[in-house]
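Right, one structure below, let's go through it.
Numbering of ligands and ligand atoms starts at 1, following listing order.
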Amino acid sequence: MTSPIVALTIAGLDPTGGAGLAADLRTFDAFGVHGAAVATTLTAQNTSTFVSSFPTDTELLASQLDLVCADLDVAAVKIGMVPTAEILDLLSSFATRFQRLVLDPVAVDRHGYALSGSAERDAILSGLLPQCEIVTPNRAELAWLVDEELASENDVSAIERQAVALRALGAPWVAVTGGRIGTTEAIDVLVGPDVMTSWVEPRLVSRNDRGSGCTFSAAITAGFAGGSSVEHAVGQAHSFVQRALRGALDWQIGAGTGPLAQRLAGRGSEPGRA
Ligand code: PLP
């Protein structure tokens with residue numbers, strides 16, 4: 001048997017298993033990719049409430065990254081929630097060692113808690129953004145990064161304009177989730193070099209959409225690890241999230257926002273090339 005390819009997630013630990021590292025590892029596994037994981041922060045939260053975040057000591061984090069990168073042949077890396085500018089700077093200094101980098105700038109959680117401030121934004125813009133291959137903000141994170149008003153969910157041209165503005169700040173590709181067409185359709189936008197495209201799907205309303213942003217960026221990372229082009233990896237990630245949301249529609253895990261069904265979505269998923 002040949003060994004699986006390896007992807008690394010650098011993200012936060014959500015103890016409910018819905019978002020962050022756990023969602024990323026399930027997603028990698030669903031694509032047949034071996035997942036390595038380094039925690040940027042331990043959070044105290046459940047499916048209803050976010051209480052606090054305890055950042056990882058930077059020396060420990062640097063040591064973990066050194067050890068993993070020296071030992072494993074990591075084909076793609078995802079960076080998710082990063083709680084401090086200090087850790088963002090550390091990751092920026094490591095990024096030259098990462099082959100294909102997906103940056104998921106987790107800034108505002110579903111309850112509206114701000115997880116990052118202006119020092120963190122500056123650290124992202126000057127450090128990680130120019131080194132990633134794609135950045136995957138939701139609407140709120142996009143507005144935060146370009147320092148503009150939140151675009152209305154139905155104003156797709158405003159979302160596209162902000163995505164173009166973020167590209168101009170240094171990211172080669174920008175994928176934005178969370179747009180709407182009317183009340184029944186969801187639209188995700190992708191902007192890259194001479195490319196502006198979108199994916200429109202019937203809007204799935206589910207109480208279980210915890211970690212959907214994490215799952216989207218992790219699925220892109222799995223595609224990258226398998227050698228996919230950006231457009232192929234994003235298209236594949238988009239349909240993977242749809243399947244994972246659909247698979248968890250009836251689940252009851254916790255009183256609040258539950259996880260996605262990455263394992264069910266993964267049947268037949270491979271990080272194919274295109
Ligand atoms: N990462 C961690 C550790 C989190 O706790 C959260 C949200 O609470 C996220 C990422 C973002 O989750 P989502 O993909 O639902 O936006």
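Within the 3.5 Å criterion, the main-chain N or O of Ser212 finds no donor-acceptor partner in the side chain of Asp209. In this structure, Arg210 contributes its side chain and Leu260 its backbone to no donor-acceptor pair below 3.5 Å.
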Pairs of donor and acceptor atoms involving the side chains of residues 196-204, under 3.5 Å and at least two apart or interchain, shall be tabulated with distances.
from: Glu201; atom 1: OE2; to: His238; atom 2: NE2; distance (Å): 3.4

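The distance from ligand 1 to the heavy atoms of Gly213 drops below 4.0 Å at these ligand atoms: 14 (O). Of all atoms in ligand 1, numbered sequentially from 1 with element shown, those under 4.0 Å from a heavy atom of Gly12 are 3 (C).
Between Phe240 and Phe31, the gap from one ring centroid to the other is short of 6.0 Å.
Note: an N/O pair closer than 3.5 Å links Gly211 and ligand 1 by distance alone. Inclusion of Met81 in the set of residues having an N or O under 3.5 Å from an N or O of ligand 1 is not warranted. The distance criterion of under 3.5 Å between nitrogen or oxygen atoms is met by Gln45 with respect to ligand 1. The N/O atoms of Val106, backbone and side chain alike, include none that comes under 3.5 Å of an N/O atom in ligand 1.
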Worked verdict on Asp188 versus Val176 for side chain to side chain contact (heavy atoms under 4.5 Å, CB included): CA-CA 6 Å; Asp188 291 349; Val176 189; over 6 Å; no

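Counting heavy atoms closer than 4.0 Å to ligand 1, residue Ala19 contributes side-chain atoms (C-beta onward) but none from N, CA, C or O. Contact annotation: for Ala11 versus ligand 1, there are no heavy atoms closer than 4.0 Å.
Residues in residues 64-88 take part in these side-chain hydrogen bond (donor to acceptor under 3.5 Å, both in side chains) pairs, two or more places apart or across chains: Asp24-Lys78, Asp66-Arg97, Lys78-Ser217.
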